[in-house]
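Working notes, beginning with the structure itself.
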Amino acid sequence: MNIISSKIFEGKITIRLKDRVCETSEELLSSDLFAKVLKLAVKELEQRDSIMLDIFEDKSKIRNEDISLLIETFQFLYKMPIHLVPNVVEGSRPFLRNPYLLNDFLQYLYNFWRHFNRFIICNSNGDMLDKRPYRTFHSTIEQLGHLVRKTYRDLQDNITGNHPNVYRQVVAGAEIATVCITKNLVFPGGAYEKLRNIPVIRQVLLYPPLVLNPPMNKRKGKFERVGRNPLELIDIKDDEWLCYPAKVGPLVIYIYFQERFFELGFSMANLFDIADDKDLERKPNAVFLFGTPGDAIDSLAPLPTVFYDDEENDLLVGAIPNRDEFGYFGYLKKMALTLHNIRMMKSGKLPFHGALFRIVLRGDKEATVLVMGDTGAGKSETLEAFRVLGAETIRDIIIIADDMGSLGIDEAGNIIGYGTEVGAYVRLDDLQPGYAFGQIDRMIIMNPNQTNARIVLPVTSPGNVLKGHKIDFVLYCNNYEEIDEEHPVIERFASAEEALQVFRAGAVMSKGTTAATGLVHSYFANVFGPPQYRQLHDELAKKYFDAFMAQGLFIGQMRTRLGIPGWERNGPEASAKELLKQIQNR
């Protein structure tokens with residue numbers, strides 16, 4: 001096996017290689033990685049004194065020599081029937097005396113390997129693998145999966161003497177592969193030189209559905225602006241990090257993630273597009289380090305989820321420590337979007353926390369709708385309700401932004417909306433029944449057995465995100481108020497001041513997606529940049545809300561009732577129905 005290195009840690013296996021993996025069962029069974037996995041599997045069985053260890057002659061004292069002998073036994077057993085192996089492998093008879101038990105052990109070993117999150121990192125330096133990624137992936141992740149299954153099945157056939165009647169084509173190799181290359185990225189020097197030799201991701205191959213169990217299932221606190229560049233405080237080991245050059249709206253943000261958080265870092269492939277080669281020829285708009293070592297940045301803030309505004313070099317730098325308490329995809333996603341929002345404000349655009357989508361109805365009526373609100377307010381859930389309710393009236397739904405984006409004003413005074421992500425990160429429980437299963441072959445599923453189980457899946461294209469769409473509706477997503485005569489499902493505001501009062505208060509009934517509970521308030525329902533630059537944001541908000549009114553946009557609030565028990569599904573459905581009426585009656 002042409003492996004540069006492999007590592008097993010914290011439920012993960014990483015394989016770094018050049019060009020190819022092993023091509024034969026003999027290479028596989030002779031590899032250092034196979035020996036490592038076998039030893040760990042035996043160790044786990046020892047901890048529970050499993051009867052499967054009875055395959056060893058003396059299970060009370062299993063030595064390295066015994067493991068080596070078992071490997072040698074497997075090397076012959078995959079190519080000949082069980083009764084012939086003792087003739088060629090001296091000392092192998094104890095392993096073979098009970099074929100049923102040996103088969104149980106083999107099944108356990110196969111599942112033990114598969115319970116790890118498995119990553120292949122292909123080094124493209126000097127080989128131009130990034131120019132032929134399909135061929136590279138075929139010779140690595142596809143080859144390894146096929147070979148592991150073949151070896152397992154050949155061993156099982158020769159142990160039992162039978163072929164199975166049912167074959168399950170499970171993901172037996174790696175779950176994620178990437179082609180990386182070390183590039184001469186454009187940096188201003190100084191502390192940024194620490195990032196110079198970290199491999200940059202050029203392509204990613206996923207095997208969805210992926211089920212991941214990161215250490216945390218919710219986010220707490222906010223991102224603090226600090227007065228010192230985190231890069232000055234940290235040491236970086238190049239071989240533990242990868243760079244995902246993310247297209248976040250019109251920006252390029254280099255997101256560096258440490259191997260402890262590989263499963264979260266690679267999940268970005270379902271959320272942000274990868275920057276192309278031309279994007280990498282210029283300085284990035286921001287850099288973000290997810291998984292800084294030890295307590296290096298703890299001194300910067302009480303909760304060390306921080307960013308630094310390097311005004312001298314016109315760069316933003318985000319950093320989050322390498323600890324389980326931050327092992328949640330929301331930290332990674334929201335920091336990237338915080339950096340985006342700050343850059344947008346500095347360029348005169350108004351960032352928003354919300355869903356932006358264009359609805360095209362039968363009869364040629366259409367509208368572009370911005371629904372703003374905090375996490376769990378019902379933005380994505382209302383959008384999903386359209387998929388079920390609008391089959392007879394909706395021709396198309398084009399998603400522009402699922403979570404965050406920005407607004408600009410064109411030369412004619414029109415309000416134009418832009419997105420940031422090509423994917424969505426949504427609560428599994430709040431999706432329409434059946435929708436999640438209909439899309440499961442594209443999903444990354446996180447913490448499925450816990451509160452706030454989430455999925456990451458692609459929902460739109462880069463063209464829709466970046467094109468720019470004229471806005472017709474701007475609605476605040478109210479998830480906490482009941483509906484009555486004075487509180488309709490959709491309520492229109494009479495003035496910019498009335499609208500600003502509601503949007504600025506940012507009220508939401510918490511859905512357990514963060515550490516907050518009950519009815520909470522946040523400035524413009526967006527703690528990701530606006531509060532840290534409040535004066536700038538206030539000026540922009542006043543300018544844009546006045547422009548909303550001047551352009552005759554529908555400005556109001558939509559009561560989804562998502563935070564009221566019993567209305568988790570019917571509330572967003574009612575909101576979607578009423579919004580359809582408003583669009584039809586324009």
Side-chain angles (χ1 to χ4, degrees), residues 1 3 6-13 15 21-118 144-174:
M1 191 181 294
I3 290 180
S6 64
K7 187 182 291 188
I8 302 176
F9 64 102
E10 297 182 4
K12 303 176 185 64
I13 295 177
I15 304 172
V21 293
C22 50
E23 297 176 348
T24 66
S25 295
E26 188 166 359
E27 278 189 272
L28 175 68
L29 295 171
S30 301
S31 68
D32 291 339
L33 181 56
F34 178 76
K36 289 179 186 177
V37 173
L38 179 58
K39 288 177 182 178
L40 286 174
V42 169
K43 185 177 181 180
E44 184 170 294
L45 292 175
E46 285 180 315
Q47 290 175 351
R48 68 177 199 239
D49 193 25
S50 171
I51 61 172
M52 282 185 276
L53 294 180
D54 287 343
I55 64 170
F56 290 93
E57 188 168 20
D58 182 5
K59 72 173 185 178
S60 66
K61 189 178 181 180
I62 299 174
R63 304 164 301 169
N64 287 334
E65 292 84 348
D66 300 319
I67 299 293
S68 297
L69 182 59
L70 179 58
I71 291 174
E72 186 181 0
T73 301
F74 281 147
Q75 288 170 346
F76 285 90
L77 186 55
Y78 88 87
K79 54 188 174 184
M80 64 178 61
I82 190 170
H83 68 276
L84 297 179
V85 175
N87 298 330
V88 291
V89 181
E90 185 178 351
S92 64
R93 195 172 300 276
F95 297 124
L96 311 173
R97 61 195 169 196
N98 186 340
Y100 298 104
L101 191 61
L102 182 60
N103 187 54
D104 287 345
F105 178 86
L106 177 66
Q107 181 71 52
Y108 169 80
L109 179 61
Y110 184 55
N111 290 332
F112 180 78
W113 154 260
R114 292 182 56 249
H115 97 279
F116 288 96
N117 290 135
R118 307 175 304 280
L144 181 62
H146 169 74
L147 188 59
V148 170
R149 279 193 302 268
K150 175 185 179 301
T151 304
Y152 163 70
R153 288 168 179 168
D154 287 345
L155 284 167
Q156 191 174 56
D157 287 354
N158 285 330
I159 291 171
T160 64
N162 295 308
H163 298 292
N165 294 321
V166 178
Y167 291 88
R168 296 174 180 86
Q169 203 77 347
V170 298
V171 180

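What you see is a predicted model, and the numbers here were worked out from it, not measured in a lab.
Using cut-offs of 30° and 60° on the angle between ring planes, the pair F112 and F116 is perpendicular.
Of the residues listed (L40, L38, I13), the one engaging W113 in a side chain to side chain contact (heavy atoms under 4.5 Å, CB included) is I13, and it is the only one.
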Give the C-alpha distance, both sets of side-chain angles, the deciding distance and a yes or no for side chain to side chain contact (heavy atoms under 4.5 Å, CB included) between D154 and K150. CA-CA 6 Å; D154 287 345; K150 175 185 179 301; 2.9 Å; yes
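For the pair S50 (side chain) and L53 (backbone), a donor-acceptor distance under 3.5 Å is absent. Not a single donor-acceptor pair under 3.5 Å links the side chain of Q156 to the backbone N or O of Y152. With hydrogens and angles ignored, the 3.5 Å screen pairs a side-chain donor or acceptor of D66 with a backbone N or O of R63. Using modelled atom types, no side-chain atom of T151 and backbone atom of V148 make a donor-acceptor pair closer than 3.5 Å.
Within 6.0 Å of CD in E90 there are 12 or fewer heavy atoms belonging to other residues, nucleotides or ligands. When the shell of 6.0 Å around OH of Y100 is examined, it contains 12 or fewer heavy atoms from other residues, nucleotides or ligands. Dense packing is recorded around CZ of R97, with more than 12 heavy atoms of other residues, nucleotides or ligands lying under 6.0 Å away. Applying the 6.0 Å contact sphere to NE2 of H163 captures no more than 12 heavy atoms from other residues, nucleotides or ligands.
F105 places a side-chain heavy atom less than 4.5 Å from the side chain of V42. Residues L155 and Y110 have side chains not in contact (no heavy-atom distance under 4.5 Å, counting atoms from C-beta outward).
The CE atom of M52 sits 11.0 Å away from atom CG of N103, with the distance rounded to the nearest 0.5 Å. Atoms CZ and CZ, on R168 and R149 in that order, are 14.0 Å from each other to the nearest 0.5 Å. Going from atom CG of L29 over to atom OG1 of T24 covers 8.5 Å, rounded to the nearest 0.5 Å. Taking CG of N158 as the start and CG of L106 as the end, the distance is 11.0 Å to the nearest 0.5 Å. Taken to the nearest 0.5 Å, the CD1 atom of I15 stands 9.0 Å off from the CD1 atom of I8.
Here salt bridge (charged side-chain N to carboxylate O under 4.0 Å, His left out) pairs that include residues 30-49, with residues two or more places apart or in two chains, are D49-K59.
The two residues L147 and S25 have their closest heavy-atom pair at CD1-N, 3.6 Å. Between A174 and L144, the shortest heavy-atom distance links the atoms N-CD2, 4.1 Å. Pairing each heavy atom of P99 with each of I159, the nearest pair is O-CG2, 3.3 Å. Heavy-atom minimum distance, A172 versus G145: CB-O, 3.9 Å.
Applying the side chain to side chain donor-acceptor pair (under 3.5 Å) test to R153 and every residue at least two apart in sequence or in another chain returns Q169.
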Pairs under 3.5 angstrom only: tabulate donor-acceptor contacts from the side chains of residues 67-88 to other protein residues two or more places apart or in another chain.
from : atom 1 : to  : atom 2 : distance (Å)
S68  : OG     : N64 : O      : 3.1
T73  : OG1    : L69 : O      : 2.8
Q75  : NE2    : S30 : OG     : 3.0

